[in-house]
Amino acid sequence: MKIATWNVNSVRVREARLLAFLAREQPDVLCLQELKVMDDDFPQEAIRAAGYEAATFGQKTYNGVGILAKAGAKMENVARSFADGDDDPQARVIAADILGVRVVSIYVPNGGEVGSDKWTYKQTWLKRLSAWISAHVDLHAKVAICGDLNIAPEARDVAKPDRWKNSVLFHPDLTAAFHGLIGLGLVDTARMHHESEGPFTWWDYRMLAFPKGDGLRIDHILASRALASGCTEARVDRDERKGAQPSDHAPVIAVFNSGP
DNA sequence: ATGGCTGCTTTGAGCAGA
């Protein structure tokens with residue numbers, strides 16, 4: 001079973017690249033972030049024609065998350081937002097059962113600047129995420145928490161750690177939050193297969209960050225132990241960051257000897 | 001030291017991203 005996650009930074013602008021990615025990688029599941037569309041404007045027909053079903057949780061202009069699954073792989077128990085009564089106006093979490101795996105697509109707030117209201121919102125949101133997983137996700141079963149966590153957990157997740165130290169992406173409070181998630185019973189699948197620096201998943205559009213190699217690993221696939229024990233591969237599709245009109249994030253891909 | 005790009009918005013300067 002191949003699971004991927006990708007912050008596309010506007011599904012409308014990235015539609016051609018998204019379809020090409022599906023054709024190229026043929027993941028069983030693809031978690032998406034930053035759709036930036038209402039559900040009615042999501043390109044359902046094109047996705048269906050590519051052989052995928054989509055569950056989306058969109059909003060106008062900002063945020064928006066989704067899960068694609070190969071047609072024939074039923075998506076069940078779709079949940080949007082953390083729980084009934086969630087008053088967060090920002091669409092940042094969607095979950096579904098697919099092929100025996102609870103798949104969660106999340107888009108953690110960026111945080112603006114350290115100390116700002118957005119930073120507080122990010123911290124609060126991460127606490128809610130942890131509480132929601134504890135209360136509503138069975139981590140003894142097969143679970144994949146996928147998405148743009150906007151956290152580079154360690155120095156080896158940052159190409160230029162001195163430059164990013166104490167920023168909203170690489171900060172001791174975030175390292176603690178990330179380890180808190182891991183402590184619930186999750187495994188950072190990329191680190192099962194890569195001990196050295198990277199693989200990076202995001203490069204700023206500005207400052208020639210990509211050609212200069214100024215990357216961070218902020219997109220993750222966290223798996224419960226029951227799923228992670230069968231993780232045979234984890235990688236980043238770095239080439240997707242190249243060429244015309246790329247997203248600033250590259251897709252993350254993990255393969256498990258589970259399901260098909 | 002700063003800003004540098006991209007996408008979006010009841011079209012155009014400002015917000016947001018990270």
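Predicted model only: the values in this text are computed from it and were never measured. Letters go in sequence order (proteins before strands), and every chain restarts at 1.
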A:Lys118, nearest nucleotide to its side chain (from B:dG17, B:dG7, B:dG4):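 The listed nucleotide nearest to A:Lys118's side chain is B:dG17.
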For A:Pro246 and A:Leu169, find the nucleotide of DNA chain B closest to each by heavy atoms; which residue's nucleotide sits nearer the 5' end?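 Mapping each residue to its closest nucleotide by heavy atoms, the 5'-most match is A:Pro246.
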If you assign A:Met207 and A:Gln90 each to the DNA chain B nucleotide with the nearest heavy atom, which residue ends up on the more 5' nucleotide?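 Residue closer to the 5' terminus by nearest nucleotide: A:Met207.
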I'd like the [atom1] distance from [M] over to [N], given in whole Å.
| N | M | atom1 | value |
| --- | --- | --- | --- |
| B:dG7 | B:dT11 | C1' | 14 Å |
| B:dA13 | B:dA1 | C1' | 25 Å |
| B:dG3 | B:dC15 | P | 14 Å |
| B:dT6 | B:dT10 | P | 23 Å |
| B:dG12 | B:dT2 | C1' | 25 Å |

Using a 4.0 Å heavy-atom cut-off across all strands, classify [X] as base, sugar-phosphate, or nothing.
| X | value |
| --- | --- |
| A:Tyr107 | sugar-phosphate |
| A:Leu216 | nothing |
| A:Val13 | sugar-phosphate |
| A:Asn7 | sugar-phosphate |

With a 4.0 Å cut-off, would you call A:Arg206 and A:Asp204 a salt bridge?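 Yes, this pair counts.
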Salt bridge check: are A:Arg191 and A:Asp157 linked by an N-O gap of less than 4.0 Å?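 Salt bridge between A:Arg191 and A:Asp157, a charged N being under 4.0 Å from a carboxylate O: yes.
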Starting at [atom1] of [X] and ending at [atom2] of [N], how long is that distance when rounded to a whole Å?
| X | N | atom1 | atom2 | answer |
| --- | --- | --- | --- | --- |
| A:Ile151 | B:dG17 | CD1 | P | 15 Å |
| A:Arg92 | B:dA16 | CZ | C1' | 10 Å |
| A:Asp204 | B:dG4 | CG | P | 11 Å |
| A:Tyr205 | B:dC5 | OH | P | 13 Å |
| A:Met38 | B:dC8 | CE | P | 15 Å |
| A:Trp202 | B:dC5 | CH2 | P | 14 Å |
| A:Trp203 | B:dG17 | CH2 | C1' | 17 Å |
| A:Arg17 | B:dG7 | CZ | C1' | 15 Å |

Between the protein and nucleotides 9-14 of chain B, list the N/O to N/O atom pairs that are separated by less than 3.5 angstrom.
| unit_1 | atom_1 | unit_2 | atom_2 | d |
| --- | --- | --- | --- | --- |
| B:dT10 | OP2 | A:Lys60 | NZ | 3.2 |

Ring centres under 6.0 Å, that's the criterion: do A:Trp132 and A:Phe82 meet it?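 Yes, the ring of A:Trp132 comes within the 6.0 Å limit of the ring of A:Phe82, centre to centre.
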Side-chain donor-acceptor contacts of residues 223-231 of chain A below 3.5 Å, not counting sequence neighbours, with atom names and distances?
| unit_1 | atom_1 | unit_2 | atom_2 | d |
| --- | --- | --- | --- | --- |
| A:Ser224 | OG | A:Ala141 | O | 2.6 |
| A:Ser224 | OG | A:Val143 | N | 2.9 |
| A:Ser229 | OG | A:Arg225 | O | 3.3 |
| A:Ser229 | OG | A:Ala226 | O | 3.3 |

Check whether any side-chain nitrogen or oxygen of A:Gln245 sits under 4.0 Å from OP1 or OP2 of B:dG7, and answer yes or no.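 Affirmative; the distance criterion is met.
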Below 4.0 angstrom from OP1 or OP2 of B:dT6, is there any side-chain N or O of A:Arg14?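 False: A:Arg14 side-chain N/O out of range (4.0 Å or more) of B:dT6 OP1/OP2.
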Nonpolar side-chain network containing A:Trp203, other nodes, edges under 4.5 Å: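 In the cluster with A:Trp203 are A:Phe200, A:Phe210.
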What pairs with A:Arg24 under side-chain hydrogen bond (donor to acceptor under 3.5 Å, both in side chains), at least two apart in sequence or on another chain?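 A:Arg24 satisfies side-chain hydrogen bond (donor to acceptor under 3.5 Å, both in side chains) with A:Asp237, A:Glu240 only.
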Pairs satisfying side chain to side chain donor-acceptor pair (under 3.5 Å), at least one member in residues 167-181 of chain A, at least two apart: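 Sorted result for residues 167-181 of chain A: A:Gln123-A:Asp173.
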Test: salt bridge (charged side-chain N to carboxylate O under 4.0 Å, His left out). Region: residues 113-130 of chain A. Which pairs qualify, not counting sequence neighbours?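 Pairs touching residues 113-130 of chain A that pass the test: A:Asp86-A:Arg128.
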